[in-house]
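All values below come from the heavy atoms of this structure, side chains included, with hydrogens, waters and symmetry mates left out.
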Amino acid sequence: METGLDLSQLTKEVLLSTDIFGQFWNVCIWDYNTGTNLHTYKSTSTISHGLAFLRDDYMLCAIHNKPYILYWNLKGKSQQAKINTPGFISCISVSSCGNYIAFGVEEKCFIYQSHSGKLVSIINRHLQNLTCIKFSTNDSFLITASEDTTILVWDFAELLTVENEYINPVHTWNNHSMRINDLFVSPTSSRVISASSDQTCKFWNLDTDKTLSTHTILLKSVPNRCILDNLESNMYVGLVDGSIYCIPIKSIMNEANKMVDDSIDESSFIGHKQKINCLAISLDDLTLASGSEDTSIRIWDTLSRQCVKILKHNGPVTNIEFRPRTFFFNEEPFNSPPLFSRYMTDKNFDTPISVLSKRQVNRLGLEEFLGNSSQDFCHEEYFELKSKYDCTRKINEKIYNYAIEKILNSS
């Protein structure tokens, strides 16, 4: 009996990891079965929620305390390039189709076309810094989470076609009382899970109009990461105290509010000494990987909940992912167009690329439009301040007219 799944591919996964120091590498590829370091991408450090893939063509890393994104092509000879950004990035995500890149800078979410580099939209509805950005599986929705305790769900088609001031989120989920630490978007259903510093994980549904969560899990410590296995039968939650809980989904669906008590310790993974920064699970659901603030990655057997391998880093681990081995070790020619090619000032692939805003494109001359990245940043700051000035002037004018009208009518 033939199946559409090549079972041999299940054993051909590798584990990617990044850490915040980046002393010896920026990204490391491991054979997680043997603990062998297969390949490294050397440069600076990568932030948490700062690793993304554009299909199987590019790997993108948001750099810690630097206003740019580094990326590498995954086919052919590996080359590194840089995309300058308007500020320090807090999180990054790439659409499933690979045509759009979204990243957070403070409380704003910037959306760009990946290959042309055109600025498509800026979301500025959150009150505090963004912590996580996710696309839904079919790219119908863009989900943003922030330190202001709010999760906003946007119709991505509207973001691409409608002016920002006329766009409202499809859903506003604000049932959390503290910052959002993580989001998990199901690849097979409309389920979204959020982990918050208020010691709860909440389940949401993209297909309903309900603004309240469908299920809530109360934990004894703050959850920092949450994922589901590929069958969506178990939920794994990484806590700030270093423990990892495995919670069966059936036990959650039976009650709207569930409190995780000490009995769950029988299903927990104990070994890390500090906060869990990232979780990943293999395609066959038999291997769980966890990265921690204690500078280690632990490889777990999900059935026995035993740690089978420890991979050491030189700093807190920020991202881990399982990926097919063929992503990185292949002989395919590199034919994909470069990222942000519209704003490249040199044909050399390694040349830095400057990011421009819509206001600059509309109002600057050709020579200024093709200027360097430092000029771009000054122009962007100038137009942002001028926009705030114009808005304040209009408000003052309305207040003045209202006052005059009231005085005349009262007399």
Geometric cation-pi criterion, Arg323 with Phe53: 6.0 Å, 45°:
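Yes, cation above the ring, under 6.0 Å and within 45°.
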With a 3.5 Å distance limit and no angle check, can you tell me whether [X] reaches the backbone of [Y] through a side-chain donor-acceptor pair?
X	Y	result
Ser48	Cys278	no
Arg225	Asn277	yes
Ser221	Leu239	no
Asn37	Trp30	no
Ser114	Gly98	yes
Asp139	Cys97	yes
Thr216	Lys202	no
Asp229	Asn234	yes
Glu13	Leu283	yes
Ser292	His272	no

Can a side-chain donor-acceptor contact be found between [Y] and [X] if the only test is distance below 3.5 angstrom?
X	Y	answer
Thr172	Asn174	no
Asn396	Thr392	no
Asn205	Thr208	no
Asp19	Ser45	no
Glu107	Ser146	no
Ser17	His313	yes
Thr18	Asn319	yes
Ser194	Trp204	yes

With a cut-off of 6.0 Å (strictly less than), are more than 12 heavy atoms of other residues, nucleotides or ligands near NZ of Lys66?
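Not buried by this count: 12 neighbours or fewer within 6.0 Å.
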Tell me whether the count of non-hydrogen atoms from other residues, nucleotides or ligands lying under 6.0 Å of NZ in Lys312 goes above 12.
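Atom NZ in Lys312 is crowded, with more than 12 foreign heavy atoms closer than 6.0 Å.
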Are Tyr71 and Tyr58 close enough, and set up right, to give a ring pair (Phe, Tyr, Trp, His ring centres under 6.0 Å), and what steps lead you there?
CA-CA 7 Å; Tyr71 70 90; Tyr58 292 102; 5.3 Å; yes
Nearest non-hydrogen partners of [X] and [Y], listed with the distance:
X	Y	value
Leu183	Ala145	CD1-CB, 3.7 Å
Arg298	Cys307	NH1-SG, 3.6 Å
Ser196	His176	CB-ND1, 3.1 Å

Anything under 30° is parallel, anything over 60° is perpendicular, the rest tilted; go ahead and classify His39 against Tyr41.
perpendicular
Once the angle between the rings of Phe340 and Tyr112 is folded into 0 to 90°, is it parallel (under 30°), tilted (30 to 60°) or perpendicular (over 60°)?
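Ring orientation of Phe340 relative to Tyr112: tilted.
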Run the salt-bridge test on Lys275 and Asp294 with the 4.0 Å N-O cut-off and return the result as yes or no.
no
Is there a side chain to side chain donor-acceptor pair (under 3.5 Å) between Lys394 and Tyr389? Walk through the geometry before answering.
CA-CA 9 Å; Lys394 290 179 181 179; Tyr389 168 76; over 6 Å; no
Can you tell if the side chain of [X] reaches within under 4.5 Å of the side chain of [Y], non-hydrogen atoms only?
X	Y	answer
Ile399	Glu397	no
Thr144	Thr131	no
Leu219	Thr200	no
Ile281	Thr287	no

Working for side chain to side chain donor-acceptor pair (under 3.5 Å), residues Glu232 and Thr188:
CA-CA 9 Å; Glu232 297 196 9; Thr188 58; 2.9 Å; yes
For the rings on Phe322 and Tyr32, is their centre-to-centre separation under 6.0 Å?
yes
Check the pair Lys12, Thr326 against side-chain contact (heavy atoms from CB on, under 4.5 Å), reporting the backbone distance first and the verdict last.
CA-CA 8 Å; Lys12 294 184 178 179; Thr326 53; 5.9 Å; no
